[in-house]
Amino acid sequence: MLTILFDGIAYGMLLFILAVGLAVTMGLMNFINLAHGAFAMVGGYITVLLMQRLDVPFLLCLPLAFAGAALLGAVLERTLYRPLYGKPHLDQVLFSIGLVFMAVAAFDYFVGSTQQIVQLPAWLKGRTEIGSGAWTLGMGHYRLFIIAICAALTVGLQFILARTRFGSRLRASVDDQRVAAGMGINVNVVFLSTFAFGSGLAGLGGALGAEVLGLDPSFPLKFMIYFLIVVAVGGTSSITGPLLAALLLGIADVAGKYYIPKMGAFIVYSLMIVILIWRPQGLFVRRGGRA
Amino acid sequence: MQRRTFTALGLAVAAFAASPPALAQSTPFKIGLILPMTGQQATTGRQIEAAARLYMAQNGDTVNGRKIELILKDDTSLPDTTRRLAQELVVNDKVDVLAGFGITPSALATAPIATQSKTPEVVMAAATSSITEASPYIVRTSFTLPQVSVALADWAPKNGIKKVVSLVSDYGPGIDAEKFFKDRLTFNGGQVTESLRVPLRNPDFAPFLQKVRDLKPDALFVFVPSGAGAAVMKQFLERGMDKAGIKLIATGDVTDDDQLNDMGDGALGVVTSHHYSAAHPSAANKKFVEAFSKANKGLRPNFMAVGGYDGMRVIYEALKKTGGKGGGDALLAAMKGQIFESPRGPVFIDAQTRDIVQNVYLRKVEKKDGQLYNVEFDVIKDVKDPGKTK
């Protein structure tokens, strides 16, 4: 029982790390970036390739995956994304899904299409068990690690957005670019850094997720649905919304597959439909907030 | 409605165009090889293509004075694409043989085209039992899942494994594996206490494995396509299930030679049943593995490669038998009943079912020269596809 809950939480947290960057770009910058998964895949491949080819330790790979994806995000924002900010959402969708297909083909061509396997360091491989009988709590160390990172991220992000000068500048730029620019905020820089940061988060999520979710060139397409569900259910106006949505979905998915394996895959979708009928703007959106 | 008539018309034209008068000997003999070269199953395509080219390099590209031409098409594992490509190959390129087929739906989608155009369809990878029944023109050189699952179900009870939980991917081959494993294990006095099916694109195996752990069987029987296999195995170990006394037994897809080395030492000791291992100790196989890795930058051939290699041999031999003339029905007749020594051991193309009869080996993952291999320790000889006896 508790083990299932634990696995569900860890899985939800992983979904959160993967999706939170999307919540940032989609919610705050109002850009429909379906290529988010491609940045996650870049992070995953950076980790795998560094570990396989150069024997870089796993922990060092994580910040590198973040940096690599963030850098790529920054370059693409400057060159490709910026001209599309003012365009209708359909254009943005078409553009970013095109990017996804290019990323899929590129990784297929250069790295090959096999599943990449991450070799974790020994201290992350173990498992601790507490209690006995039906209430046994078995915790995989790697899943604990994911939960810890995710918790730290949430606190950090919330702090940045709500309390720092950068956070207020970002919120101001999103609400009204012209006024923000008039107030002396460099909107371009704010958007550039936000987009890079969101992409970096995706890269980190991909690096962490490669172990649990597997990694092959179809990664962005395979998990796009999950990112979108998290963001749609959680709403995009805060960090806590996607977090709670990811946890809810993670637990529902894992518990559903455990207790009713035949229904397994459908539970997430049913839950999403119910929630969206009930609260079309997402679970945790303030009344009157932007969708 | 209009569209349907149009398609029917198109097919009729295809069938008509594909039965031309006997071709002159001087025209090349064309093999249309349809494989997933990109996308999820791309490794299958690469292995088979490499093996087919190796066979041609070793045996020459002319048979009885007729040049063999290989036309490679990428279907990206989408059955409707496979079907369209097959139709184009038959109508435009006038191929003599269709071959390849990475996944079951692709092989099945092509079956009506093979039947109508009387073109032999050599299935080199797809492994659902029923494929050969979809058209009288299908010949298979890979394997079937019932074939390898049943062998495992024969071995398990003799080795103290009575209570088993099965975990398969929820699609054709998986359901075949589940059914035939269960039937045979029950017949042998064992018991499948729970049958779990996971979605083909499953992100996290944790809940399923936890369920298995709580059920405490003697062993967990797994069939998932090779990419997902590694993930299942790693999570199996991380969950400490081996320490809880649960053994992992699987079909050979899980410890695919293509990926085995990346799985790390956790894979040591996993027992699988399959028809081919790169470590198969025969002279023919040593030669094959050596030549294959030499031609492909050290790549190790897997069971897909051997299916492709033998498929080419079946086509070559059939063409030889017709004196280089070819012709759909003549080729098919010449393919039936072929007996030869493959890198996997002796094989036989059953004339009635057009399916392959072969040895199934029980293997254990061991370390040899610093690399992981599936080392064979037992063999069940001449296994016919159990799916056809009913």
Side-chain angles (χ1 to χ4, degrees), chain A residues 1 3-4 6-8 10-11 14-15 48 52 104-105 108-109 112-120 124-129 134 136 138 140-143 209-219 221-223 225-226 250-251 253-262 264-266 268, chain B residues 36-47 76-77 165 167 170 194-214 224-235 237-241 243-244 256 258-267 299 302:
Chain A
M1 253 284 280
T3 309
I4 287 299
F6 173 82
D7 283 340
Y11 180 47
L14 189 60
L15 286 182
V48 166
Q52 280 178 357
V104 168
D108 196 294
Y109 184 80
S113 65
T114 37
Q115 280 272 346
Q116 301 292 335
I117 300 169
V118 179
Q119 294 297 347
L120 288 179
L124 277 175
K125 271 187 180 163
R127 181 178 171 83
T128 313
E129 289 201 2
T136 310
H141 291 166
Y142 187 66
R143 284 171 196 253
E211 160 73 12
V212 177
L213 306 174
L215 183 68
D216 61 63
S218 66
F219 184 90
L221 293 170
K222 223 154 106 188
F223 293 102
I225 301 161
Y226 286 86
I251 294 169
D253 195 29
V254 169
K257 281 177 179 162
Y258 181 84
Y259 289 108
I260 346 172
K262 288 213 164 59
F266 292 101
V268 169
Chain B
M37 298 305 293
T38 51
Q40 284 262 299
Q41 314 290 328
T43 48
T44 300
R46 284 186 194 157
Q47 286 269 357
T76 64
S77 289
V165 171
L167 183 140
D170 196 0
E194 175 91 38
S195 303
L196 301 172
R197 289 182 187 171
V198 301
L200 197 51
R201 293 188 156 191
N202 185 54
D204 187 4
F205 288 101
F208 298 105
L209 291 175
Q210 186 60 34
K211 179 138 199 146
V212 174
R213 194 165 189 221
D214 294 346
V224 286
S226 69
V232 172
M233 197 157 67
K234 281 180 73 172
Q235 293 199 22
L237 295 166
E238 264 156 47
R239 211 150 275 275
M241 295 174 64
K243 290 187 196 83
D256 187 345
D258 211 24
Q259 291 223 296
L260 190 54
N261 263 321
D262 292 334
M263 292 183 194
D265 291 350
L299 185 70
N302 70 356

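Here is the naming used below: chain letters follow the sequence lines, and residue numbers restart at 1 for every chain. Note that the structure is predicted; figures quoted are calculated from it, not measured.
In terms of heavy atoms, B:Arg46 sits closest to A:Asp108 at NH2-OD1, 3.3 Å.
With a 4.5 angstrom heavy-atom cutoff, B:Asp258 touches chain A only via side-chain atoms.
A:Ile4 is not listed as a side-chain neighbour of B:Lys211, based on a closest heavy-atom distance of 4.5 Å or more.
Between chain A and the residues B:Glu194, B:Arg197, B:Lys234, the most heavy-atom pairs under 4.5 angstrom are made by B:Lys234. Considering only heavy-atom pairs separated by less than 4.5 Å from chain A, the leading option among B:Gly240, B:Pro207, B:Ala42 is B:Pro207.
We find the CZ-CZ distance between B:Arg239 and A:Arg143 to be 5.5 Å, quoted to the nearest 0.5 Å.
Open room surrounds OH on A:Tyr109; 12 or fewer heavy atoms of other groups in view lie less than 6.0 Å from it.
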